[in-house]
Amino acid sequence: MKPYKPQEIEPKWQEKWAEKKIYQAKDFDPKPKFYTLIEFPYPSGAGLHVGHARSWSAMDAFSRKKRMEGFNVLYPIGWDAFGLPAENYALKMGQHPSQTVAENIARFKKQCQDLGLSFDWSREINTTDPKYYKWTQWIFLQLLEKGLAYRAKTPVNWCPVCKTTLADEEVLADGLHERCGQPTEKRQQEQWLLRITQYAQRLLDDLGLVDYSPKIAIQQVNWIGKKEGINIVYEIEKMEEKVTVFTTRPDTNFGATFIVLAPEHPLVEKIVVEEYREKALNYVAAAKAKTEEERISQGRKKTGVFTGCYALNPLTNLRMPIWVSDFALMSFGTGAVVGVPGHDLRDFEFAKEFDLKIIRVVVGPDGDASEILKPEQVQEQEGEMVNSDFLNGLSIAVATKKMMNYIEQKGWGGRQTIFHLRDWVFSRQHYWGEPIPIVHCPKCGIVPVPKKDLPVELPFVERYEPSGTGESPLAKMTDWVNVKCPECQSPAKRETDTMPNWAGSNWYFLRYLDPDNEKELSSLSKMKYWMPVDIYQGGFEHTTLHLLYSRFIHKFLYDIGAVSTSEPYAKRRSHGIVLGPDNRKMSKSFGNVVNPDEIVLKYGADTLRLYEMFMGPFDQTTAWSEKGLQGCSRFLNRAWRLFQENVREEETPGHLLKKLHQTIKKVTQDLEELKFNTLVAALMEFINDWSDSYLSQKDAELFTQILAPAAPHIAEEIWCEVLGKEFSIHQTGWPQYDEKQMIEEMTTIIIQVNGRVRGEVKIKDQISKIKNEVENEAKTNERVVKYLQGKKIKKTVFVPGRLINFVV
RNA sequence: GCCGAGGUGGCGAAACUGGUAAACGCGCGAGAUUUAGGAUCUCGUGCCGCAAGGCUUGUGGGUUCGACUCCCACUCUCGGCACCA
């Protein structure tokens, strides 16, 4: 028998697959299309990660099955090569990013090919290719033209290590930069922003049109953070000015006792009375100077200053002191809060700190109607209104509606919907990104580069370290920066900020459809054929980053008629990450990184692919185990041997034929549902049965076919070299299972007494469905008899073909 | 605090619409083969017990003839969000 040598057979078939171009997708093919998308990688210096290998080989198996089922499958890949990590890596290597990126791409590509992934390489794209980013820039100009890109001086997140601004989505909950892990700061800086907020409602609503796994959809809903409330305008005593607050709980307004303004609120300056002025302005200055980190480190301890003015609560005629405190955020609502200390814990803490009046207007389910003195008494959620005139006795929900109507009728305010989602900070002060195609002219102002002059190519610079001054390194390139204004021809300067790394990934899946198009980002007819993406597989960490951004951009492109669908991805699933053998995140510093190259060299790509699918549920985080890998290697070796020794020129025995059809069914279903772990288990179960038996040539072919998606090389080798079939197995059809072959002639019926298993009986399948027959059989069962002796059977529960339960 | 996911053998995990809990793999034990190791093959392997039998899906309760699965309460772990009005 020939030994199984993956190191010999794998490269052989990889070459032949490439030569025969069997994985190329065909535009406009009459077969039904299927577009499988994986997140294209950033080609890091570390090379392919076993995490990449996991999701790509699983989706490869999925795509291979789709192809065999007769779909015209598009499974493409490209490179997301702009951005901070690429720049940082190049700096570390002392090379230009264009060089390191090219090297890294070459390595990644080789690694993908060594894994035998069925990507359509004819459609490979690279976001740093000027022919590609021409269209990234074109999209920016379209956004500008439609007023969705604008410049503003806003507080932005700043990473002092990477020396650049960041989007909110790039800053983690504890204020750390998601890429480098260092603390970020807030800075005021003139920035390009994109009005993603204008699409907030549609991004929310249209989640109903797509099939995203619930946790992805829910996280997007939370991030968009729609809140419906009301803006209430209060008169300020002895002043012209009025103060507007946003609240979702107007029902508690009979309990409102004070107002708090954010330190940045423009009203502070105007209304603060002389006596308190100095103290207040000092507080404002101090609050503005605080970093995020400092604010967080103070915890919930409330600080603040009084302005000396009072707003009037029209419901109660109560004079509500107006305070300034940094717990009110200028970036949320109107930057002003009405304090209801009895029914909001934060307001309570503030009132306690500064000895402000507390009124109870809700009695909770505990019935406590006493004066509110302790935080535990603050009833925020449920209860019945009290001390609230026309609201008394109503539930919170009813009272809220009633009060909203009342306020609107009285003309004190109007309903307002707000979102947590912020506009997207879209400029970075770095070299390695798409130049923003803008010219700043002293006469004409902001002038877009004419579309015929795109792309604005990134100039080659020797020194591209970030300056840290808030200016992009491109600013030093005077030759490049100084241009004539496209409008008036007078001397002007180019925009030197570049786009964030998310820019190129907003629309890359459209470019795969038409990678060489020089006239448009992708042709409408090709989009009409291929779009939407049928399944998009990626990391959960991109839910509120890339996934949300690209939906926004796609909707915009749809609105201007540049794409054919309103949503880019029909279905989205995420996968779990692969941890190191020590159960920690793989990282150089832990020394627990597993390199796929070494695994391929030692065990072969098929073993690696199989193990990555087998290691655990696809959407769940799992630790790497070399032992588990060996189990998969053994499986392939056993299968290899069985194909050589246990295939006969005879009909397959009945029990094994039945198992084969059951396995075909299981593999078919599991692949469709992305249950890769149980699909591999099913294949293993089958060969365990096969090892005591034999298959006919015809049935051995069927098994090879269902093995092919998961282990494509060994399947091809067996197909062509052992079974003597024609190249290629991956272009054959998908086996159909035959329900008739799966029928069992004998069924095991479980016998229970009082719900406890007391015995079992094997009987003919037809008989197992007849109650009387089974009951007689069961009552005389040797093991069961003693449990029934001397007892009276009160009830008999019979599940046809499954079990019988005597209740005594 | 809020939102989400999860807790099953020594380990990774299975279990359809409520119907034999632990499939498959790892590990472990015994044996075969081998000069030895490794590899391979065979058998065994949830826990307690010599056995009969009993116990077992984070904890406590409930519904049911029957619960990993459904309901209620609690608890722990992980992911996300958070002075968000």
Side-chain angles (χ1 to χ4, degrees), chain A residues 172-174 213-219 221-223 225 227 229-230 232 245-250 252 260 262 295-296 298-303 325-329 331-340 344-347 349-350 380-381 418-420 540-541 543-544 576-577 583 610-611 614-617 619-635 637-638 641 666 669 675 677-688 691-692 748-760 786 793-799 801-808:
Chain A
L172 305 176
D174 41 12
S213 48
K215 65 177 220 165
I216 299 174
I218 289 167
Q219 202 183 328
V221 168
N222 290 345
W223 186 260
K227 286 221 166 103
I230 190 162
I232 308 177
V245 304
F246 173 78
T247 179
T248 54
R249 292 292 304 278
T252 59
V260 175
R295 279 201 187 192
I296 290 163
Q298 285 173 348
R300 295 184 67 96
K301 171 91 178 134
K302 296 291 177 290
T303 59
S325 173
D326 63 5
F327 86 75
L329 308 173
S331 56
F332 192 82
T334 60
V337 189
V338 56
V340 183
D344 181 295
L345 195 58
R346 203 193 37 203
D347 294 350
E349 286 163 352
F350 191 77
E380 293 184 300
Q381 298 297 329
I418 58 170
F419 294 92
H420 166 265
F540 184 67
E541 69 277 11
T543 303
T544 55
I577 53 172
N583 237 311
L610 219 47
Y611 171 63
F614 185 58
M615 63 194 303
D619 56 359
Q620 203 171 294
T621 300
T622 328
W624 183 267
S625 151
E626 177 102 11
K627 288 288 183 189
L629 187 77
Q630 284 169 11
C632 291
S633 178
R634 276 178 213 145
F635 161 73
N637 273 291
R638 273 180 213 148
R641 201 195 72 219
K666 177 82 177 145
Q669 286 177 348
K675 289 158 119 181
N677 55 334
T678 50
L679 127 75
V680 176
L683 294 172
M684 288 174 168
E685 256 186 83
F686 180 77
I687 71 150
N688 287 346
S691 64
D692 306 325
T748 307
I749 297 285
I750 298 306
I751 309 163
Q752 298 183 336
V753 179
N754 286 346
R756 308 202 57 126
V757 179
R758 295 303 182 188
E760 60 178 57
K786 62 179 179 182
I793 296 173
K794 279 199 287 189
K795 191 176 166 188
T796 307
V797 181
F798 176 65
V799 184
R802 274 233 129 100
L803 62 75
I804 185 154
N805 185 14
F806 298 109
V807 184
V808 299

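In what follows, chains are A, B, ... by sequence order, proteins preceding strands, each numbered from 1. What's counted below: heavy atoms across the whole structure, side chains too, no hydrogens, waters or symmetry copies.
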What integer distance in Å separates Glu380(A):CD from C2(B):P?
10 Å
Side chain of Ile218(A) only, heavy atoms from C-beta on: which candidate in C3(B), A85(B), G80(B) is closest?
C3(B)
Looking at every non-hydrogen atom in both residues, tell me the closest pair between Ala328(A) and Val260(A) and how far apart they are.
CB-CG1, 3.9 Å
In whole Å, what separates the P atom of U45(B) from that of C24(B)?
12 Å
Rounded off to whole Å, could you give me the CG-to-C1' distance for the Asp619(A) and G6(B) pair?
11 Å
Arg756(A) side-chain N/O to G53(B) phosphate OP1/OP2 under 4.0 Å:
no
Hunt down any stem RNA chain B takes part in, defined as 3 or more consecutive Watson-Crick or G-U pairs whose two distances are each under 3.5 Å.
B:1-7 with B:75-81, B:10-12 with B:24-26, B:27-32 with B:40-45, B:46-48 with B:53-55, B:58-62 with B:70-74
Between G18(B) and A13(B) - C1' atom distance, rounded Å:
22 Å
Expressed in angstrom and rounded to an integer, what is the separation of His420(A) atom NE2 from C2(B) atom P?
18 Å
Rounded to the nearest 0.5 Å, what's the gap from CE on Met615(A) to OG1 on Thr622(A)? Could you check?
5.0 Å
Mind checking the P distance from G60(B) to U8(B)? Whole angstroms is fine.
16 Å
In this structure, how many angstroms lie between the P atom of G27(B) and the CD atom of Glu626(A), rounded?
11 Å
Return the value, rounded to whole Å, for the distance between atom CG of Leu345(A) and atom P of C2(B).
11 Å
Across the strands shown, which category fits Lys794(A) at heavy-atom distances under 4.0 angstrom: base, sugar-phosphate, nothing?
nothing
Given RNA chain B, 5'-ward residue of the pair Ser331(A) and Lys666(A), judged by closest heavy atom
Lys666(A)
Sugar-phosphate, base or nothing in reach of Pro214(A), heavy atoms under 4.0 Å:
nothing
Do Val340(A) and Arg249(A) come close enough that some side-chain heavy atom pair is under 4.5 Å?
no
When you measure from the side chain of Asn805(A) to the backbone N and O of Gly755(A), does any donor-acceptor pair fall under 3.5 Å?
yes
Quick one: does any side-chain atom of Tyr611(A) pair with a main-chain N or O of Ser633(A) as donor and acceptor, under 3.5 Å?
no
Provide, to the nearest angstrom, the distance between the CH2 atom belonging to Trp223(A) and the P atom belonging to G80(B).
12 Å
Any N/O pairs under 3.5 Å between the protein and nucleotides 16-26 of chain B? List them or say none.
residue	atom	partner	partner atom	Å
G19(B)	O2'	Arg802(A)	NE	3.4
G19(B)	N2	Gln752(A)	OE1	3.1
A23(B)	O2'	Glu685(A)	OE2	3.2
G25(B)	OP1	Asn688(A)	ND2	3.1
C26(B)	OP1	Arg634(A)	NH1	2.5

Does G7(B) count as syn, meaning its glycosidic angle lies within 90° of 0, or as anti?
anti
Distance in angstrom units between Phe327(A) CZ and A82(B) C1', rounded:
15 Å
Looking across every strand, which nucleic acid part, if any, lies under 4.0 Å from Val807(A) by heavy atom: base, sugar-phosphate, or nothing?
sugar-phosphate
Taking only the P atom of each, what is the distance from C74(B) to A85(B) in whole angstrom?
24 Å
Which is true for Glu541(A) with a 4.0 Å heavy-atom rule: it touches a base, it touches only sugar-phosphate, or it touches nothing?
nothing
Ignoring hydrogens and angles, answer whether the base of C83(B) and the side-chain atoms of Lys302(A) contain a donor-acceptor pair closer than 3.5 Å.
yes
Side chain of Ser625(A), backbone of Ala623(A): donor and acceptor closer than 3.5 Å?
no
Taking the P atom of each, how far is G19(B) from G25(B), in whole Å?
25 Å
Considering only atom C1', compute the distance from A30(B) to C16(B) and round it to an integer number of Å.
37 Å
note: Ile687(A), atom CD1; C41(B), atom C1'; distance rounded to Å ~ 13 Å
May I have the step-by-step check of side-chain contact (heavy atoms from CB on, under 4.5 Å) for Glu380(A) and Leu345(A), ending in yes or no?
CA-CA 8 Å; Glu380(A) 293 184 300; Leu345(A) 195 58; 3.8 Å; yes
P spacing across the pair U75(B) / C26(B), given as an integer number of angstrom:
40 Å
When you match Phe806(A) and Asp347(A) each to their closest nucleotide on RNA chain B, which lands nearer the 5' end?
Phe806(A)
If I pick the P atom on G4(B) and the same atom on G27(B), what distance separates them, to the nearest angstrom?
40 Å
